[in-house]
Protein chains: 2
Amino acid sequence: MKAEKISEAVVRRLPVYLRHLTELHKREVMTVSSQELGQKLDLNPAQIRKDLAYFGDFGRKGIGYDVSYLIEKIRHILKLDRQINVALIGAGNLGHALSNYNMYLKESMKIVAVFDSYVPKIGTKINMLTVQPIEELKETVVEKNIRVGIITVPDTEAQRVADQLIEAGVEAILNFAPTVLKAPPEVRIHAADFTTDLLSLAYYLDSGKETEVHDNDKQPEKVDR
Amino acid sequence: MKAEKISEAVVRRLPVYLRHLTELHKREVMTVSSQELGQKLDLNPAQIRKDLAYFGDFGRKGIGYDVSYLIEKIRHILKLDRQINVALIGAGNLGHALSNYNMYLKESMKIVAVFDSYVPKIGTKINMLTVQPIEELKETVVEKNIRVGIITVPDTEAQRVADQLIEAGVEAILNFAPTVLKAPPEVRIHAADFTTDLLSLAYYLDSGKETEVHDNDKQPEKVDR
DNA sequence: TAGATTGTTAATCGATTAACAATC
DNA sequence: TAGATTGTTAATCGATTAACAATC
C-alpha cells in the first residue's frame with residue numbers, strides 16, 4: 001500500500017476486474033490468482049498485482065485473491081457502494097440504450113432524470129423516467145443531488161448542455177458527442193464518442209482488398225508535395 | 001517522415017484532428033497552426049506536430065497547415081477515402097444509434113448489413129437495411145465484402161458472435177458488449193463498452209456528499225484484514 | 001517442507017513535452 | 001528582414017513488465 005497518485009489507466013482497469021470477479025462469484029469460484037485473471041482479461045499478471053497493490057494488500061501469498069473480498073474492495077474504491085445520481089441529456093436511441101444498461105447496475109451510478117429539448121419527446125417515458133425539458137435541468141440537478149451528467153445530444157448542442165450541467169454543479173460528465181468539451185479543471189470530462197473508435201479502426205485494416213470509392217491513388221504512397 | 005511504428009495513441013488522435021479540420025473547412029478557414037489546433041483540442045502542440053510528422057511533411061514553416069490538404073492526407077492515412085463495409089450485429093437501441101451516426105460518414109465506414117437473433121426483429125428495417133437472422137452472417141459477410149463487425153448484442157452472446165465474425169473473415173471488431181473478447185492476433189478487437197467508462201468516472205467524484213446506500217463504512221479507510 | 005503466488009523493486013519500454021535550428 | 005511556425009532531437013515523464021524475496 002502506497003500513497004502514490006493513481007493513474008487513469010489503473011482506474012480504468014478496475015471496472016474490468018470487477019466485472020470478471022462478479023462473474024467468478026456467480027460461478028461460485030472462491031479464489032483467483034493474478035495469473036488466471038490476466039489470462040482471462042488479456043493483461044499482464046504483474047500489472048494486475050500492481051494495480052491492486054496501490055489500494056491495499058488484498059491478496060494472500062501462495063493462494064491468490066479472495067473473490068468476494070476483492071469485489072467488495074474494488075466496489076469501495078470505485079465508490080460503487082454508494083448511490084451516485086446521474087442525469088441523462090438526450091433521449092434518443094443512444095440515451096435509451098444507456099438507460100437500459102443502467103438497469104443492471106442496481107445501486108451505484110443511477111440515472112434519475114432524463115432531459116431533451118425536442119418538444120414532442122417531453123413527457124414521454126424512458127424506463128420509468130419522464131423526459132423533462134432541458135430548462136428544468138438546473139433545478140432538478142440541485143433537487144435530486146445529481147453529480148454526473150451523460151451527454152447524448154447532437155454535437156452542435158453538446159457544449160451548451162455541458163455548460164448548463166457545469167453551472168448546475170455536476171462533478172463529472174460522460175460525453176458521447178463527437179466534440180472536445182471545454183470545462184474548468186475541477187469538472188472531470190470523459191470522452192466516450194464512438195465515431196473516433198470506428199474511424200481509427202480503419203487504419204488497421206489490410207490495404208489491398210478494398211472496395212474503392214473515388215480518387216483511388218495507387219501510387220507508391222508519396223507524401224511530399 | 002520516418003519509418004517508425006505508429007502507436008495506437010497516435011492513430012486514435014487522427015480522427016479527432018480530422019473532425020476539427022472538417023469543421024474549420026466548413027468555416028472556410030484556410031490554414032491552421034499546431035498551436036491553434038492544440039488549444040481547441042486540449043492537446044500539446046508539439047504532440048500534434050509529431051503525430052502528423054510520422055506520416056509526412058504536411059505543414060509549412062512559419063505558416064502552419066493547409067486545412068484542405070491536411071484533411072485529404074488524414075483521410076488517406078485512415079483509409080477513409082475508400083469504402084469499408086461494416087456489419088452490425090444487434091439491432092437494439094445501441095445498434096440503432098450507431099446506424100444513425102453512420103449516416104453522417106457518407107463514404108468510408110458503411111454499415112451494409114444488420115443482424116439479430118431475436119425472431120420478431122428479423123425483417124424489420126433500420127435505416128434502409130433489413131434486419132437479417134444471424135444465421136446468414138457468414139454468407140453475407142463474404143458476399144458483401146464486409147471487413148468490420150460491430151457487436152451490440154448482450155454480453156452473454158458477444159463471444160459467440162465474435163467467433164462467427166472471425167470465422168467469416170472480418171479483420172476488425174468494435175465490441176460494445178462488456179466482455180473481453182478472445183480472438184486471434186490478426187483480428188483487431190477494439191473495446192468500446194461504456195459501462196467501464198461510467199464506472200471509472202465514479203472514482204473521481206469528491207467523497208463526502210454522497211447519497212448513501214448500504215454498509216456505509218465511515219472508518220478511516222482500513223485495508224488490512 | 002515444497003509449490004504457489006503475492007507485493008514490490010528495478011529494468012525496460014514507450015509516450016509526451018521542451019527546445020531549437022531550419023525556413024516560410 | 002522580423003515574426004511565426006514547422007519538423008525533429010533530446011529530455012522528461014510515466015506506464016508496463018520482469019524478477020525475486022517474502023510467505024501462505
Side-chain angles (χ1 to χ4, degrees), chain A residues 1-14 16-17 21 24 29-70 73-74 77 180 200 203 222-225, chain B residues 1-14 16-17 21 24 29-70 73-74 77 180 200 203 222-225:
Chain A
M1 173 81 169
K2 310 187 236 127
E4 285 174 54
K5 210 190 152 287
I6 310 298
S7 87
E8 202 174 292
V10 174
V11 174
R12 302 200 79 245
R13 280 190 294 268
L14 294 179
V16 181
Y17 301 153
L21 288 164
L24 291 176
V29 177
M30 299 317 253
T31 260
V32 69
S33 69
S34 60
Q35 178 77 218
E36 296 167 304
L37 228 34
Q39 193 116 34
K40 230 14 183 180
L41 303 179
D42 244 319
L43 295 170
N44 184 301
Q47 180 170 68
I48 296 175
R49 293 201 298 279
K50 200 162 201 278
D51 283 356
L52 296 173
Y54 282 118
F55 302 98
D57 291 356
F58 299 153
R60 296 216 298 162
K61 291 177 184 167
I63 310 285
Y65 298 90
D66 181 282
V67 172
S68 306
Y69 180 73
L70 193 52
K73 283 305 177 186
I74 297 181
I77 294 161
V180 176
S200 66
Y203 176 82
K222 271 203 98 233
V223 283
D224 332 78
R225 271 173 283 186
Chain B
M1 173 78 171
K2 309 184 236 131
E4 285 175 54
K5 209 190 152 286
I6 310 297
S7 87
E8 202 176 292
V10 174
V11 175
R12 301 201 79 246
R13 281 190 293 268
L14 294 178
V16 180
Y17 300 154
L21 287 164
L24 291 176
V29 177
M30 300 316 254
T31 261
V32 69
S33 69
S34 60
Q35 177 78 219
E36 296 167 304
L37 228 34
Q39 193 116 37
K40 235 2 186 192
L41 303 178
D42 244 318
L43 297 169
N44 184 301
Q47 180 169 67
I48 295 175
R49 293 201 298 279
K50 199 161 201 279
D51 284 355
L52 296 173
Y54 282 117
F55 302 99
D57 291 356
F58 299 152
R60 297 216 298 161
K61 291 177 183 168
I63 310 286
Y65 299 89
D66 181 283
V67 172
S68 306
Y69 181 73
L70 192 53
K73 283 304 176 187
I74 297 180
I77 294 161
V180 177
S200 66
Y203 177 81
K222 272 205 97 235
V223 283
D224 332 77
R225 274 172 281 186

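The figures here come from the full heavy-atom set of this structure, side chains too, leaving out hydrogens, waters and symmetry mates. Every chain is numbered from 1, with letters handed out A, B, ... down the list of sequences.
- Across the protein-nucleic acid pair, A:I48 atom CD1 and D:dT17 atom P stand 10 Å apart, rounded to whole Å.
- Pair assignment for C:dA10: D:dT17, on the basis of Watson-Crick or G-U wobble contacts that are both within less than 3.5 Å.
- Residues A:Y203 and B:I77 approach most closely at CD1-O, 3.5 Å, considering heavy atoms.
- When the C1' atom of C:dT8 is taken as reference, atom CG of A:N44 falls 14 Å away, rounded to whole Å.
- For the OP1/OP2 pair of D:dT9 and a distance below 4.0 Å, the side-chain nitrogens and oxygens of B:R49 include no atom meeting the criterion.
- Comparing C:dT6, D:dG7, C:dT8 by their nearest atom to the side chain of B:A53 picks out D:dG7.
- Side-chain proximity of B:Q47 to the nucleotides C:dG7, C:dC24, C:dT16 is greatest for C:dT16.
- A:Y65 has a side-chain polar atom (N or O) that falls below the 4.0 Å cut-off from OP1 or OP2 of C:dG7.
- The heavy-atom pair separating B:L21 from B:V32 by the smallest distance is CD2-CG1, 3.9 Å.
- Of the candidate nucleotides C:dA18, D:dT16, D:dT6, D:dT6 has the atom lying nearest to any side-chain atom of B:S34.
- If you measure from atom CG of B:L52 to atom P of C:dT16, you get 14 Å, rounded to the nearest angstrom.
- Within the structure, every side-chain polar atom (N or O) of A:Q35 is placed at least 4.0 Å from both OP1 and OP2 of C:dT5.
- Using Watson-Crick or G-U wobble geometry with both donor-acceptor distances under 3.5 Å, C:dA22 finds its partner in D:dT5.
- Nucleotide C:dT6 holds its P atom 17 Å from the OH atom of A:Y54, rounded to whole Å.
- The CG atom of A:D51 sits 13 Å away from the C1' atom of C:dG7 (whole-angstrom rounding).
- Annotation for B:T31 and B:D66: closest pair OG1-CA, 4.2 Å, computed over non-hydrogen atoms.
- Between the CG atom of B:L37 and the P atom of D:dT5 there is a distance of 12 Å, given to the nearest Å.
- Residue whose closest nucleotide on DNA chain D sits further toward the 5' end, between A:I63 and A:A9: A:A9.
- In this structure, B:I74 and B:F58 have side chains that are not in contact, with every pair of non-hydrogen atoms separated by 4.5 Å or more.
- Regarding contacts with the backbone of D:dA15, a side-chain N or O of A:S7 is found under 4.0 angstrom from either OP1 or OP2.
- Summarising the geometry, the separation between NZ on B:K50 and P on C:dA19 is reported as 16 Å, rounded to the nearest angstrom.
- In this structure, A:K73 atom NZ and C:dG7 atom P are separated by 13 Å, rounded to whole Å.
- Here the shortest heavy-atom pairing between B:V10 and B:Y54 reads CG2-CE1, 3.8 Å.
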